[in-house]
There are 2 protein chains.
Amino acid sequence: MEHITIKDIAKALNLSFSTVSRALRGHPDVNQETKKKILALAEQLNYEKNPLALSLRKQKTNAIGVIIPEIANPFFSRIISGIQHVAYEAGYNVMICLSDESIEREISNLRHLLRYRVDGLLAAVSVETSTFPHFELALAKQVPMVFIDRVWDHPQVSKVLVDDFEGAFTITQHLIEMGYGQIAHIAGPEKLLVTQKRLEGFRAAILAHDLPLPPDYIQFGGFTEDFGAEALQKLLSLPSPPDAVFCVNDRTATGALLHCKTQQVQVPRQLGIAGFTDMPVSKLIEPGLTTMAQPAFEMGEVATQMMLRYLAAERYEPEVLILKTQLIIRESTRRSII
Amino acid sequence: MEHITIKDIAKALNLSFSTVSRALRGHPDVNQETKKKILALAEQLNYEKNPLALSLRKQKTNAIGVIIPEIANPFFSRIISGIQHVAYEAGYNVMICLSDESIEREISNLRHLLRYRVDGLLAAVSVETSTFPHFELALAKQVPMVFIDRVWDHPQVSKVLVDDFEGAFTITQHLIEMGYGQIAHIAGPEKLLVTQKRLEGFRAAILAHDLPLPPDYIQFGGFTEDFGAEALQKLLSLPSPPDAVFCVNDRTATGALLHCKTQQVQVPRQLGIAGFTDMPVSKLIEPGLTTMAQPAFEMGEVATQMMLRYLAAERYEPEVLILKTQLIIRESTRRSII
DNA sequence: CTGAAAGCGCTAACAC
DNA sequence: GTGTTAGCGCTTTCAG
């Protein structure tokens, strides 16, 4: 038989299918004997509940939707691993959608997941996302949401992030301590909250130490390697070029580093470079990249745990969880001879 | 209203819901006028079909299941990107499950997807998988399957892979051409087909050039960095250590390279190192890693296209597609001074 | 304790 | 053209 159903079992045992249904989901009102028979037969026939029918009936899918910009990025793929890990243990299904850093696609992903009646939503917004009507919609539908890292800054949704301000402050301060005095910042996409926070942290550290900060020292743009290289090129061609850069993430930092290699710029001697995130490459590249580590896997885990709590309690109380970053010092900023 | 249905529209327009259903799915037997009215109202009310009900009714989910060992591995995440890319364009939904390189979990993933009635299945098996009763089951249920890279070698299923034998042969030959004469092989998990094919290709190249191949020169084990380092350590402590290693993948090669750095072994002068796959790190690490590039994204794409063909034609004719690898020469094997 | 019946939202014969 | 009906597989009243 293609797929055996509750009815097949009922027929075989000469019972009504409601009794079978009860037995199968452990309802107390069913005779021990018949229950035993039913379970035995189900086992033997390899019966499995049809989750589609179940979802339709219960109006819940037992699924958590995930919208993420790209999966080929280790930061996000580690977040997804964390999500899967926790969801799997809890018997929840996760539906992953990729926005490809496009807001149009993000909207389409969201519609898809909503249409699908996911029980909850985990998301990191695309670089293009600066208005949030699509997420408003989800909010209106009472779907619990937890944003991860790339958050929607709205009081009614939960967030899991790191303290970007503090992280940026700390690493900038590290550059200063290493003796760099003309520090520039390769920033991310201008409208993103993460970009702004890291910029603020950077700026605060620079100001706290009375260092110069010409407007040209801040280069907005993107998260890619190419952008990092391009931005550094601009910085180096300034009349008074920086002696260090803090990059919004490791990818731009990597791009900057590669640019230095082609241009024979000595890192860390002539130029100090620091990143953010701590991707696997960062310790392999040479010189090793100084960076602020973000606990990506853990971010995925805790976001999912929060979601599971909401789902279990059937109430959604927005909360904000801020995880620790960690300064990882490698060679790309080791200017001073110790 | 929480979720508007076909009935709501029917009631509002004083029609039977079957008419509405017909209009909504473009059935010809419906008056142009009423059709227009229905579509207009649906549009206005922001009606969306409930995919759960649809799937239950049609006994197909419009979903493709994917089982993959891990997502944090760039090779697999690029495959997934390729899959998502094609599936998305075709309006197919993809359900990603991670086996975490565990066969137990792989079995559970498969059961989950089957229970979920996915229309087709894409898979790369775990390192632990050497028997395939779970996939037999899927085959028995007539679910079309395409294996990617880590394949089940069964005549009745489709496969998308690269020519591992030839790739291994080519890169080993490259090592020989660079003047290395005592070449070892850090192999993968012993039972995996990929491992065997690459080993065979390696061995064939060595034999073709009449080079020595002591049994100790082949170290089976895993795909991880740690294993690469460990295996190289053993090789280097041999009475007659190799002057080059071909590693089953870039991760083991990276581990081997790192081991060389800590042990002050000069690469490529004292030891040549070659990998397989071409991960993003491979060009960033120093020295750059010589490797055989596998078109991961494309593998995901073509596997999905095959699947879409089966689904559209409603018939599954197993086929095998072999994609080209490409030798990427970097510094880790540039021994000879040119 | 067990069975009958309604219904989740939709499609697809079958009537009219 | 349109409405009626049955049914996908299951849960959940409501009777008995």
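Residue numbers begin at 1 in each chain, while the letters A, B, ... track the order of the sequences. The analysis underlying the following values was restricted to heavy atoms, covering all of them including side chains, and did not include hydrogens, waters or symmetry mates.
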Under 4.0 Å between a side-chain N or O of [X] and OP1 or OP2 of [N]?
X: Arg117(B); N: dC8(D); value: no
X: Lys7(B); N: dG7(C); value: no
X: Ser21(A); N: dC10(D); value: no
X: Gln59(A); N: dG7(C); value: no
X: Tyr116(A); N: dG9(C); value: no
X: Gln32(B); N: dG1(D); value: no
X: Thr34(A); N: dT2(C); value: yes
X: Ser16(B); N: dG3(D); value: yes

Please give, in whole Å, the distance from [N] [atom2] to [X] [atom1]?
X: Arg22(A); N: dT13(D); atom1: CZ; atom2: C1'; result: 10 Å
X: Lys58(A); N: dG9(C); atom1: NZ; atom2: P; result: 16 Å
X: Lys37(B); N: dG1(D); atom1: NZ; atom2: P; result: 15 Å
X: Glu33(A); N: dT2(C); atom1: CD; atom2: C1'; result: 16 Å
X: Lys11(B); N: dG3(D); atom1: NZ; atom2: P; result: 15 Å
X: Ile38(B); N: dG3(D); atom1: CD1; atom2: C1'; result: 13 Å
X: Leu56(A); N: dC8(C); atom1: CG; atom2: P; result: 9 Å

Notebook entry, point to check: What does Asp29(B) touch in the nucleic acid at a heavy-atom separation under 4.0 angstrom: a base, only the sugar-phosphate, or nothing?
Noted result: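 Base contact.
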Notebook entry, point to check: Ignoring hydrogens and geometry, is there a side-chain-to-backbone donor-acceptor pair from Thr61(A) to Ser55(A) under 3.5 Å?
Noted result: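 A pair under 3.5 Å: no.
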Notebook entry, point to check: Where the side chain of Thr5(B) is concerned, which of dG9(C), dG3(D), dT2(C) is the nearest nucleotide?
Noted result: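 In terms of side-chain proximity for Thr5(B), the closest of dG9(C), dG3(D), dT2(C) is dG9(C).
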Check: Mapping Ala53(B) and Arg25(B) onto DNA chain C by nearest heavy atom, which one lands closer to the 5' end?
Finding: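 Result: Ala53(B).
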Next item on the list: Measure the acute angle between the ring planes of His134(B) and Phe132(B), then classify it against the limits of 30° and 60° as parallel, tilted or perpendicular.
Entry: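 His134(B) and Phe132(B): parallel rings.
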Item checked: Nearest-nucleotide 5' precedence on DNA chain D, Phe17(B) against Phe17(A) ->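 Of the two residues, Phe17(B) wins.
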Notebook entry, point to check: Does CD in Glu104(A) sit with more than 12 non-hydrogen atoms of other residues, nucleotides or ligands closer than 6.0 Å?
Noted result: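 No, not enclosed.
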Check: Would the number of heavy atoms belonging to other residues, nucleotides or ligands and lying under 6.0 Å from CD of Glu43(A) be above 12?
Finding: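 At most 12 heavy atoms, drawn from other residues, nucleotides or ligands, come within 6.0 Å of this atom.
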Check: What about Ser18(B), does its side chain sit under 3.5 Å from the base of dT2(D) through a donor-acceptor pair?
Finding: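 No pair found.
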Check: Is the gap between the ring centers of His85(A) and Phe297(A) under 6.0 Å?
Finding: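 Close enough - the centres of the two rings lie under 6.0 Å apart.
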